[in-house]
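One structure is given below, encoded as structure tokens.
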Amino acid sequence: MVRDFFEVEDRVSLDRMIDILSTVRERLPEGATDAKVQMRGDDIFGRRLSVSYLRPLTAEEAARDARYAGENRLSIAA
């Protein structure tokens with residue numbers, strides 16, 4: 001599983017926010033779990049709503065990860 005997310009600008013109308021969140025919920029990838037909405041940012045650079053969720057790896061991501069799995073991994077011996 002990999003955590004994926006997107007952000008929503010800090011000033012939108014309530015109706016627009018409801019539409020955005022409804023669309024996101026409908027378009028979550030199959031197998032996506034644990035969707036959360038979180039406020040991020042600060043007073044200086046602004047705030048954003050961030051929606052994050054866990055999703056299974058795509059075939060391309062899994063193939064890329066498989067190249068680095070196994071015996072070729074670096075290990076640090078103490």
Side-chain angles (χ1 to χ4, degrees):
M1 300 289 271
V2 65
R3 182 156 302 277
D4 210 354
F5 74 96
F6 75 94
E7 293 182 337
V8 178
E9 59 192 65
D10 60 346
R11 296 196 184 263
V12 296
S13 70
L14 179 58
D15 289 334
R16 178 77 177 125
M17 180 59 66
I18 291 169
D19 289 341
I20 290 169
L21 292 174
S22 295
T23 301
V24 167
R25 183 179 55 205
E26 292 168 3
R27 293 184 180 177
L28 284 175
E30 188 172 324
T33 61
D34 198 29
K36 295 179 183 176
V37 178
Q38 181 176 25
M39 178 79 70
R40 293 185 177 195
D42 58 31
D43 292 335
I44 296 171
F45 296 105
R47 299 188 188 280
R48 299 254 189 253
L49 280 181
S50 175
V51 178
S52 63
Y53 53 90
L54 292 173
R55 65 169 175 78
L57 293 172
T58 64
E60 182 180 331
E61 291 167 335
R64 196 173 329 140
D65 281 357
R67 285 187 291 188
Y68 299 104
E71 296 179 37
N72 294 332
R73 285 196 163 164
L74 294 176
S75 63
I76 299 174

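Residues Glu7 and Leu49 form no side-chain contact, since every pair of their non-hydrogen atoms from C-beta on lies 4.5 Å or further apart.
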Please report, to 0.1 Å, the donor-acceptor pairs under 3.5 Å made by any side chain of residues 15-24, with sequence neighbours excluded.
unit_1	atom_1	unit_2	atom_2	d
Ser22	OG	Ile18	O	2.9
Thr23	OG1	Asp19	O	2.9

Cut-off 3.5 Å, no hydrogens considered: what does the side-chain donor-acceptor table look like for residues 54-64, sequence neighbours left out?
unit_1	atom_1	unit_2	atom_2	d
Arg55	NE	Asp4	OD2	3.0
Arg55	NH1	Glu61	OE1	2.9
Arg55	NH2	Glu61	OE2	2.9
Thr58	OG1	Glu61	N	3.2
Thr58	OG1	Glu61	OE1	3.3
Glu60	OE2	Arg64	NH2	3.3
Glu61	OE1	Thr58	N	2.9

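In this structure, Pro29 and Tyr53 approach most closely via the heavy-atom pair CD-CE1, 3.7 Å.
Remark: Asp42 pairs with Ile44, Phe45 by the side chain to side chain contact (heavy atoms under 4.5 Å, CB included) rule, at least two apart or across chains. Taking the side-chain hydrogen bond (donor to acceptor under 3.5 Å, both in side chains) definition, one finds that Gln38 meets it with Arg40, sequence neighbours left out. Among residues two or more places apart in sequence or in another chain, the side-chain hydrogen bond (donor to acceptor under 3.5 Å, both in side chains) test is passed with Ser50 by none.
Sorted by first and then second residue, the salt bridge (Lys or Arg N to Asp or Glu O under 4.0 Å) pairs with a member in residues 21-38 read Arg3-Asp34, Asp34-Lys36; sequence neighbours excluded.
Residues Val37 and Met39 share a hydrophobic cluster, clusters being chains of Ile/Leu/Val/Met/Phe/Trp/Tyr side chains in contact below 4.5 Å.
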